[in-house]
Amino acid sequence: MANDASAVFDTLSPAVSNGSLADPFTPPADSSLWRKNFLLGAATASYQIEGAVNEDGRLPSIWDTFSATPGKVLAGDTGAVACDHYHRWEADVEMLASLGLEGYRLSIAWPRVMGAAGLPNRKGLDFYKRLLSRLKEKGITTSVTLYHWDLPQHLEDRGGWLNRDTAYRFADYADLMSRELAGTVDAWATLNEPWCSAYLGYGNGHHAPGLANDRFATQAMHHLLLAHGLAIPVLRANDPASQKGIVANIGRGTPNSDSAADQRAAHLFEVQHNAWILDPLLKGAYPQDLFELWPGTEPLVLDGDMQTISAPLDFLGINYYFRTNVASDGAHGFRDVPLEGVERTQMGWEVYPDGLRDLLTGFKRTYHNLPPIYITENGMASDDKVIDGHVDDTQRISFLKRHLAAVDQAIKAGVDIRGYFLWSLMDNFEWAFGYERRFGVVHIDYSTQKRTVKRSAELVAKFLKERKARV
Ligand code: IFM
């Protein structure tokens with residue numbers, strides 16, 4: 001974890017490094033965040049930052065196809081260039097290290113590293129080998145996600161996640177990656193946010209591949225979770241020293257009133273967002289309430305699948321962003337009732353740190369085998385502008401402080417939380433919202449690719465430097 005402390009601050013503004021700027025970020029003295037073994041890092045994902053979609057033998061992914069389809073992505077943006085990280089990775093690693101960030105969560109683009117016949121694409125693999133080796137040289141803990149939504153298009157052409165065979169192809173991919181990259185990866189996550197892949201990709205069509213059918217969503221989810229379960233033993237065999245887990249996005253649903261119907265609606269919201277993924281992983285069964293919400297959508301499950309899916313995990317990655325206030329829809333489900341007068345981000349998402357604490361403590365009560373947790377994503381989008389060379393992202397600073405306080409509260413309530421990754425290291429391609437929504441702690445000028453460290457990143461760096469200096 002040992003970044004060279006002297007490197008920290010190299011990129012920081014004098015107001016921060018000489019202490020003349022008021023510090024609205026640093027956690028209070030009794031916060032668990034001061035523990036040196038609490039990992040603090042940043043996250044990105046391949047399609048959102050790499051660009052270079054046609055280089056070195058990379059094959060098309062479902063997001064190349066989807067973003068090239070008119071009307072699917074705001075302003076017609078695509079990931080073709082993104083942050084040009086494929087070419088600028090060395091400078092980006094320097095930036096990460098100069099901020100003192102201790103961990104980096106990245107994802108591998110499956111279509112960059114594996115051909116349609118399952119053979120390795122050496123040039124693509126070499127990119128990740130160089131990147132991961134450099135991160136290790138810098139003392140940065142590496143957390144690698146195998147699937148952050150960029151499914152090879154040739155697999156989608158054969159049914160994608162609706163085809164059970166895709167789960168076996170994923171296990172082959174996990175096998176190749178863990179044989180090639182063993183020793184440079186501290187933690188492997190199989191999937192990022194299967195809820196988004198299954199529901200947004202196959203249930204409402206807002207994400208690639210753009211299909212919209214609840215029955216498709218539950219079957220795609222089953223195959224995604226099966227892919228995860230098949231990959232875990234492969235990763236264990238090939239890279240025994242690393243941690244293995246999965247990353248789930250979770251949502252807080254609160255009832256609009258005390259009525260039994262609204263309470264039930266909030267329960268169903270959380271079943272659909274959380275238990276749909278966590279129950280199969282941690283209890284080996286789908287929550288039956290899900291099929292009350294979506295009658296007749298039970299996936300086809302073969303003998304042994306649920307045991308495969310519920311193989312023990314070394315960690316669970318949790319991504320949290322906001323809560324949703326809901327009421328009964330008068331039938332089987334819930335409807336959103338947006339609250340007035342609450343703080344929101346550029347995405348329109350409500351800022352609600354208590355939701356993170358409440359969900360984490362709730363999971364500890366619900367799942368007796370809850371693995372150690374990493375917050376693998378948390379952050380917010382704001383319409384950040386560079387003014388006189390600086391980005392004053394005051395809302396983000398406050399957002400991060402409050403969510404880290406919620407993490408501290410959950411730790412103090414007994415939840416085993418080992419680390420936190422900011423989403424995101426840099427502004428990037430925000431899926432259906434293109435480049436308009438800026439989640440980074442580093443600003444990207446997409447016309448020049450200039451990186452500007454935002455105030456939030458400076459304050460995180462300042463805290464990390466102080467923590468490191470403590471005896
Ligand atoms: O940008 C995404 C990321 O790819 C997955 N989790 C949510 C982020 C913000 O929407």
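Basis for what follows: all heavy atoms, side chains included, without hydrogens, waters or symmetry-related copies. Counting convention: from 1, in listed order, for ligands and their atoms alike. Everything numeric here is computed off the predicted structure, so don't read it as measured data.
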A.B. asks: Check each of Asn249, Leu146, Ile246, Val247 against Asn192 using the side chain to side chain contact (heavy atoms under 4.5 Å, CB included) test, and report the only one that passes.
C.D. replies: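 Output: one option passes, namely Val247.
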A.B. asks: Could you list all the side chain to side chain donor-acceptor pair (under 3.5 Å) pairs where at least one residue sits in residues 106-115, not counting sequence neighbours?
C.D. replies: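 Side chain to side chain donor-acceptor pair (under 3.5 Å) check on residues 106-115 returns Ser46-Ser107, Glu50-Arg112.
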A.B. asks: Taking atom CZ of Phe439 and atom CE of Met426, what is their separation to the nearest 0.5 Å?
C.D. replies: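 Between Phe439 CZ and Met426 CE, I get 15.5 Å after rounding to 0.5 Å.
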A.B. asks: Out of Asp393, Asp384, Asp392, which residue meets the salt bridge (charged side-chain N to carboxylate O under 4.0 Å, His left out) rule with Lys454?
C.D. replies: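 It is Asp384, the one option of Asp393, Asp384, Asp392 that forms the salt bridge (charged side-chain N to carboxylate O under 4.0 Å, His left out) with Lys454.
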A.B. asks: Which residue pairs pass the side chain to side chain donor-acceptor pair (under 3.5 Å) test with at least one member in residues 275-286, sequence neighbours excluded?
C.D. replies: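 Those involving residues 275-286 are His222-Tyr286, Asp279-Tyr367.
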A.B. asks: Do any pairs count as a salt bridge (Lys or Arg N to Asp or Glu O under 4.0 Å) and have a residue in residues 65-76, sequence neighbours left out, and if so which ones?
C.D. replies: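 Listed by first then second residue: nothing to list.
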A.B. asks: Applying a heavy-atom distance cut-off of 4.0 Å, which protein residues contact ligand 1?
C.D. replies: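 The answer is Gln48, His148, Trp149, Asn192, Glu193, Tyr321, Trp349, Glu377, Trp423, Glu430, Trp431, Phe439, counting any residue whose heavy atom sits under 4.0 Å from ligand 1.
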